[in-house]
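Quick caveat: nothing in here was measured; it's all calculated off a predicted structure. Just follow the structure's listing: the first ligand is 1, and inside any ligand the first atom is 1.
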Amino acid sequence: MTHDTRDPRPALDSSTAAGSSTAADSLLELATALDASDPLGAHLDAFAPAPGVTAYLDGNSLGRPLRDIPERLAAFARDDWGTRLIRSWDEQWMALPMALGDRIGALTLGAAAGQTVVADSTSVLIYKLMRAALAHDPSRAELVIETGNFPTDRFLAEGVAAETGATIRWIEPDPVLGVQVADVGAVVSERTALVSLSHVDYRSGALADMPAITAAAHDAGALMMWDLCHSAGVVPMQLDEWGVDLAVGCTYKYLNGGPGSPAFAYLRRSLQGVLRQPIQGWWSAADIFAMGPEYVPAGDIRQLLSGTPPVTSMLAMQGMLDLIEQATIDAVRAKSESLTDLAVRAHDELLAPLGVRLLSPRDAALRGGHVTIGHPDFRAVTQRLWADGIVPDFRFPDGIRLGLSPLSTSFVETVTGVIAVRDALESHER
Ligand SMILES: *Cc1c(COP(=O)(O)O)cnc(C)c1O
């Protein structure tokens, strides 16, 4: 499988005004037809309208709110909190981190109940799990990560290595295709404690081969942790079946939990009570209300909690989980592949002639839910687009990510966004 960062097609006359509007028109026609036959199209209306926004292409960073969020928040303030008051802890909130974890596990992760919990932020959960994994076997003191991983993952690894005396083994993957099994095979050994990677690369959108890489880590006797921030809710997976040990992910991206909604962590059942996480607050104790003299960790998934969970921040994601349950994660993935295929095609026809490079894998099976394109003028172009109500995001040094959240994004919106990128680029050049 090769990738190209150049346009494979000869430069067409589509850079002329007449040619490009023809290409844009036929892409819009195609998008209209795809929307008309989209089995998930009816769900678009579940999201709150955003006045002034014509194309929201950043659902991979911050998912849109559902239409009923104001009512859900008001009911919470009025009833669960306002009327039931502290009784709500017993009635529902105590169990919420585990109950929501089980739903996320069942609907999106391929995880049986009792192995997923909602808590903290992704960064804090990565810290807890990395520390737990490195304390597990003193004969193993190496941590494998990659240079292209999201900054928080790399920074946390450096901090954990400094605290524990562990050595980091860096993988330098292909920037477009991401980490391959052979890259992992080349660095793991009997000294490896943990391999920690992202399932979908936050920049290129490359989708890692989770079962094969997990198996390669296990062949060396290491534990395997996956960061699922850019795949939870858009790429189906089978954590149980694939033998994954540990995983963390965001709920404010494709799970639409709202800004700062807490993260989730997965800990395989056979490791519960075996690994010890370092922030052993009272919520992780065997008996929360025993108020005993010393700490005894809970034997189940609750051992990953630390303190009082952020209940208010766990409200919005519940409606999105209902929606994913109705739609099914496999149908979400099918639409996601069609959306990213259309974005790649629109790039080829409208943007490549202007010197834009495709920075994501060309094969949909090797991509997650976003497509990244590059051009030196994209920082200025993004500012212009945001002002015009077209909202993708910019990633240093010169990438625009087109994040296509399948339940809230239409095909026409996708093409409209790419046409706007072309128009902004052309007027910027003038
Ligand atoms: C978004 C993202 C994070 C964010 O971590 P927070 O603690 O929620 O800020 C971490 N890792 C990856 C791969 C991400 O994409």
task = Please determine if Asp153 has a nitrogen or oxygen closer than 3.5 Å to a nitrogen or oxygen of ligand 1.
result =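 Yes.
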inquiry  = Looking only at distances, can you tell me whether any N or O atom of Ser198, backbone or side chain, sits closer than 3.5 Å to an N or O atom of ligand 1?
reply    =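 Looking only at distances, the answer is no, because the N/O contact criterion of under 3.5 Å is not met.
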With a 3.5 Å cut-off and sequence neighbours excluded, list the donor-acceptor pairs that the side chains of residues 58-68 form with protein atoms.
| unit_1 | atom_1 | unit_2 | atom_2 | d |
| --- | --- | --- | --- | --- |
| Asp58 | OD1 | Ser61 | OG | 3.3 |
| Ser61 | OG | Asp393 | OD2 | 3.0 |
| Ser61 | OG | Arg401 | NH2 | 3.0 |
| Arg64 | NH2 | Ala48 | O | 2.9 |
| Arg67 | NE | Asp45 | O | 2.7 |
| Arg67 | NH2 | Asp45 | OD1 | 3.0 |

Heavy-atom pair of closest approach, residues Asp398 and Phe378 =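 The pair with the smallest heavy-atom distance is O-CD1, 3.4 Å.
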ask   = Which heavy atom in Leu402 sits nearest to a heavy atom in Ala343, and how many Å separate them?
value =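 Closest approach of Leu402 to Ala343: CD1-CB, 4.4 Å.
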ask   = At a 4.0 Å cut-off, with the gap strictly under it, does some heavy atom of Cys250 reach an atom of ligand 1?
value =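 It does, in that a heavy atom of Cys250 comes within the 4.0 Å cut-off of ligand 1.
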query = So, Arg384 and Asp423, do they make that salt bridge, N to O below 4.0 Å?
reply =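 So Arg384 does not pair with Asp423 through a salt bridge.
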inquiry  = Check this for me: does any side-chain nitrogen of one of Asp90 and Arg84 sit under 4.0 Å from a carboxylate oxygen of the other?
reply    =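 Not counted as a salt bridge, because no side-chain N and carboxylate O are separated by less than 4.0 Å.
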key: is_close_aromatic(Trp89, Trp283), centroid dist under 6.0 Å   =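 When the ring centroids of Trp89 and Trp283 are compared, they turn out to be within the sub-6.0 Å range.
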Contacting atoms of ligand 1, where contact means under 4.0 angstrom from a heavy atom of His230 =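 Here the atoms of ligand 1 in question are 15 (O).
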key: Ligand-residue contact atoms, ligand 1 with Ser121, heavy atoms, under 4.0 Å   =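 Near Ser121, the atoms of ligand 1 are 7 (O).
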For [atom], find the nearest protein heavy atom and state the residue, atom name and distance (0.1 Å precision).
{"atom": "atom 7 (O) of ligand 1", "value": "Ser123 OG, 2.6 Å"}
{"atom": "atom 3 (C) of ligand 1", "value": "Phe150 CE2, 3.5 Å"}
{"atom": "atom 9 (O) of ligand 1", "value": "Tyr252 OH, 3.5 Å"}
{"atom": "atom 1 (C) of ligand 1", "value": "Lys253 NZ, 1.4 Å"}

request  = Give me the ring orientation class for Phe76 and Trp81: parallel if the planes are under 30° apart, tilted from 30 to 60°, perpendicular past 60°.
outcome  =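 The rings of Phe76 and Trp81 sit tilted, inter-plane angle from 30° to 60°.
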task = With heavy atoms only and a cut-off of under 4.0 Å, state how Thr152 meets ligand 1: side chain, backbone, both or neither.
result =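 Thr152 to ligand 1: side-chain contact only, backbone stays beyond 4.0 Å.
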request  = With heavy atoms only and a cut-off of under 4.0 Å, state how Ile126 meets ligand 1: side chain, backbone, both or neither.
outcome  =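 It is neither part, as no heavy atom is under 4.0 Å.
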key: Nearest-option assignment for atom 11 (N) of ligand 1, heavy atoms, candidates Asp227, Thr122, Val248, Val124   =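 It is Asp227 that holds the nearest heavy atom.
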message = Side chains of Thr340 and Arg367 only: does a donor on one sit below 3.5 Å from an acceptor on the other?
response =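 Indeed, the side chains of Thr340 and Arg367 share at least one donor-acceptor pair under 3.5 Å.
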